[in-house]
Amino acid sequence: MARYIAIGEAPGLTEAQFRERFNEVKKWRFDKRSWVVKAYCVLGEGKVVIECETPEKGQFEEWLKKTGWKVNGVYGVNLIHEAGSIWPV
Amino acid sequence: MAIALEELLKLKPEEMVKHDETPSIEALREKKQLYYDDVKVGMELPKYIKRYSIVHFQRWSITMENTHRLHYDYPHAINHDKLPGVLFHGSWRMSLIAKWLKDWALPEGWFWKAKWQVREMVVPGEVTILWGRVVDKKVADGIGLVEVEFGIKNQDGVEGCPGSGVVALPVRGGKGVPYPFVAPKV
């Protein structure tokens with residue numbers, strides 16, 4: 001398993017559309033071994049940052065394609081800081 | 001009339017939970033006996049349908065004194081254990097199944113035995129549907145034995161706890177189920 005982060009753009013994205021993207025478990029757990037851990041959205045500026053745990057980067061890229069968002073890059077994550085703890089990936 | 005499992009699985013999660021058939025404590029105290037004679041192969045057991053939150057998971061961890069962090073520590077679960085979230089307990093499923101079959105057999109019947117597997121990762125917010133169906137029945141030593149298949153499906157119909165069990169029910173006009181229960185020779 002590996003963690004990836006995607007940075008992208010979704011001009012005009014609304015809160016309703018963002019909620020719709022994740023309102024069913026199968027939408028964010030899109031595979032037995034792949035899921036969106038967190039997703040950040042900047043409404044108005046149309047920016048999105050998506051975090052995904054998956055063994056295959058390609059599966060995350062496939063999921064991103066379905067969103068219709070413009071992805072500027074998908075990167076493998078090495079270290080995560082969360083509430084004072086550092087988690088190596 | 002309770003909704004059939006196949007029909008239930010066509011509903012949206014928020015509609016599914018409206019069909020929860022978990023009896024209240026009062027209903028269990030006043031429950032009328034289900035007799036072996038009234039059970040038919042293919043009939044469904046009452047479905048217990050829930051949508052647990054992380055607070056429920058934490059409550060079970062505390063109750064069981066189970067400090068395994070994958071059940072309540074979200075950062076640890078996702079970053080260390082590489083899980084999609086904190087997970088529904090296997091021991092809780094075991095307890096729910098035992099209570100559910102016991103509830104069905106009350107007041108004079110007896111949940112005799114069951115076996116099941118714990119599969120799939122259930123995270124907070126998912127729907128859990130504890131379902132069961134009668135697959136066979138027979139009388140042994142004057143006791144009605146009802147074999148059931150059961151499981152715990154999620155909102156997408158994925159089975160996370162396939163199992164089977166036997167419940168002893170009294171035969172109408174028969175000798176009753178002994179208490180404490182003595183397993184009949186089968």
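Chain identifiers are assigned alphabetically (A, B, ...) following the order of the sequence lines, protein sequences preceding nucleic acid strands; residue numbering begins at 1 within each chain. Model, not experiment: these values are computed from the prediction.
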Other residues, nucleotides and ligands only: do more than 12 of their heavy atoms fall within 6.0 Å of [atom1] on [X]?
X	atom1	value
B:I25	CD1	no
B:K138	NZ	no
A:F22	CZ	yes

Handout entry: Nearest heavy-atom neighbours spanning A:V89 and B:K82
Key =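 What the structure gives for the nearest pair is CG1-NZ, 3.5 Å.
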key: Closest non-hydrogen atom pair, A:E82 against B:N79   =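 Taking A:E82 first and B:N79 second, the nearest heavy atoms are OE1-ND2, 2.9 Å.
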Are [X] and [Y] connected in the hydrophobic side-chain network, where two residues link if heavy atoms are under 4.5 Å apart?
X	Y	value
B:M16	B:L130	no
B:V127	B:L96	no
A:I50	A:V71	yes

side-chain contact (heavy atoms from CB on, under 4.5 Å), that's the test. Do A:K32 and B:M121 meet it? Break it down for me. CA-CA 9 Å; A:K32 269 190 180 293; B:M121 297 183 289; over 6 Å; no
Working to the nearest 0.5 angstrom, can you tell me the gap between [X] [atom1] and [Y] [atom2]?
X	Y	atom1	atom2	answer
B:I78	A:W87	CD1	CH2	9.0 Å
B:K12	A:N23	NZ	CG	7.5 Å
B:N154	A:R29	CG	CZ	8.0 Å

So do the side chains of B:Q155 and A:V25 get within less than 4.5 Å of each other, counting heavy atoms only?
->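 B:Q155 vs A:V25: side chains touch.
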- prompt: Below 4.5 Å, heavy atoms only, C-beta onward: do A:W28 and B:V123 meet side chain to side chain?
  reply: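 Result yes, sub-4.5 Å side-chain heavy-atom pair found.
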A:K26 and B:E126 ion-paired at < 4.0 Å:
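No, A:K26 and B:E126 are not salt-bridged.
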Kindly list each side-chain donor-acceptor pair under 3.5 angstrom involving residues 159-184 of chain B, sequence neighbours excluded, with atom names and distances?
| unit_1 | atom_1 | unit_2 | atom_2 | d |
| --- | --- | --- | --- | --- |
| B:E159 | OE1 | B:W131 | NE1 | 2.8 |
| B:E159 | OE2 | B:I152 | N | 2.7 |
| B:E159 | OE2 | B:C161 | N | 3.0 |
| B:R172 | NH2 | B:D38 | OD1 | 2.9 |
| B:R172 | NH2 | B:D38 | OD2 | 2.3 |
| B:K175 | NZ | B:D141 | O | 2.6 |

Notebook entry, point to check: Measuring heavy-atom distances to chain B, does A:R3 have an atom under 4.5 Å in its side chain, in its backbone, in both, or in neither?
Noted result: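 Just its side chain gets close to chain B.
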